[in-house]
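Here is the structure we will look at.
Everything numeric here is computed off the predicted structure, so don't read it as measured data. When a ligand or atom number is given, it counts from 1 through the structure's own listing order.
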Amino acid sequence: MDENETLTFEVTRRTVIETGTTALLLTTLPRAALAADSADAGPPPTPVSIELQINGHSHSLTLDPRTTLLDALREHLALTGSKKGCDHGQCGACTVLIEGRRINSCLTLAVMHDGQSVTTIEGLAEGDHLHPLQTAFVEHDGFQCGYCTSGQICSAAGMLAESRTGMPSYVTEDLTQPMAELTDVEIRERMSGNICRCAAYPNIVAAIKQAAGSPT
Ligand code: FES
Ligand code: FES
């Protein structure tokens, strides 16, 4: 078939469901069409060398500049504690701390953090001593399947630091106080970027209150 010829595919919903979309299209698409797509994409970008301070250790990496921080952690450094839930900023499973501030690592490029410090769930404990949030999550059963948990704990660590600096939230009622009381409503609002499919929210809130030193 000529490369410029119009390509016609008759892919019905039924055939897709029966055979699997990817397998069907990959075996049906003419090579010319795939080659044309790949030529449009151009050559891959030049790799970039960066240095990250991760959990107190220096790591030198040479990466495709399009690599997200999450993929750099998981695929290049085998730090798989940070989870890929949605890969586009909706679930919070990939939350890590950059210079102490929480961030969705799937939404940021590793090269943007050259020279910065990154803390992942693997870096929160000190030796055999769990971080107070980790202890509280265990004591309050703050998880079921656990897939969201590393993101919840990193996010909570960043959130507690934010609240100690006096940062208000959308639901803070008294902005004259130096620090908002971490009520259930405050915690739920401040943690609203972290989704738990198992709906362990009451236990997560209780764990965070314990770690914050608030009455549970
Ligand atoms: Fe990053 Fe869901 S994986 S927000
Ligand atoms: Fe399963 Fe939160 S514990 S998603």
Side-chain angles (χ1 to χ4, degrees), residues 22 50 52-55 59 61 63-114 116-125 130-163 167 169-170 182-212 214 216:
T22 309
I50 61 170
L52 298 173
Q53 306 296 321
I54 302 174
N55 301 329
H59 292 271
L61 295 167
L63 301 164
D64 183 315
R66 300 166 296 183
T67 307
T68 64
L69 178 60
L70 178 60
D71 283 343
L73 293 170
R74 291 181 55 85
E75 311 298 334
H76 294 259
L77 296 167
L79 290 169
T80 53
S82 306
K83 300 295 187 242
K84 184 180 283 190
C86 64
D87 208 21
H88 51 270
Q90 293 186 341
C91 72
C94 63
T95 306
V96 300
L97 302 169
I98 302 271
E99 304 287 345
R101 296 190 63 184
R102 52 187 171 162
I103 190 169
N104 287 336
S105 60
C106 72
L107 282 188
T108 191
L109 300 175
V111 295
M112 295 166 65
H113 302 288
D114 186 20
Q116 294 185 330
S117 79
V118 182
T119 305
T120 68
I121 190 71
E122 291 92 343
L124 285 182
L130 293 179
H131 186 283
L133 276 163
Q134 292 172 312
T135 302
F137 267 68
V138 171
E139 291 180 357
H140 287 274
D141 284 333
F143 49 87
Q144 289 180 34
C145 76
Y147 198 79
C148 72
T149 309
S150 52
Q152 299 278 2
I153 291 176
C154 284
S155 184
M159 182 276 281
L160 292 179
E162 288 161 21
S163 91
M167 189 179 292
S169 81
Y170 181 69
L182 288 178
T183 60
D184 286 18
V185 173
E186 276 284 353
I187 292 173
R188 282 176 178 270
E189 167 61 22
R190 290 168 188 261
M191 293 294 295
S192 59
N194 289 80
I195 307 299
C196 176
R197 285 185 65 149
C198 301
Y201 297 113
N203 304 40
I204 291 170
V205 171
I208 294 173
K209 283 177 96 171
Q210 174 177 309
S214 306
T216 53

Discussion item. Donor-acceptor check, side chain of Ser105 to backbone of Cys94, threshold 3.5 angstrom: yes or no?
Written reply: yes
Worksheet item: Judged by atom type as modelled, is there a donor-acceptor pair below 3.5 Å linking the side chain of Glu99 to the main-chain atoms of Ser117?
Response: yes
Discussion item. At less than 2.8 Å, how many protein N/O/S atoms surround atom 1 (Fe) of ligand 1? Leave waters out.
Written reply: 2
Response to the item:
In short, Leu160 meets Ala212 closest at the heavy-atom pair CD2-CB, 3.7 Å
Worksheet item: Of all heavy-atom pairs between Phe143 and Thr149, which one has the smallest distance, and what is that distance?
Response: CB-OG1, 3.2 Å
Practice prompt. Take atom 2 (Fe) of ligand 2 and tell me which protein N, O or S atoms are nearer than 2.8 Å.
Written response: Cys148 SG, Cys196 SG
Response to the item:
Tightest non-hydrogen contact, residues Leu70 and Lys83, listed as CD2-O, 4.0 Å
Discussion item. Between Glu122 and Gly81 (side chain of the first, backbone of the second, donor and acceptor by atom type, cut-off under 3.5 Å), is there such a pair?
Written reply: yes
Worksheet item: Which atoms form the tightest heavy-atom contact between Leu61 and Ala72, and what is the distance?
Response: CD1-CB, 4.5 Å
Worksheet, complete the sentence: Heavy atoms of Arg66 and Leu109 approach each other most closely as O-CD2, 3.4 Å
Worksheet entry | Nearest atoms (heavy-atom pairs only) where Gly151 meets Thr95 | O-CB, 3.7 Å
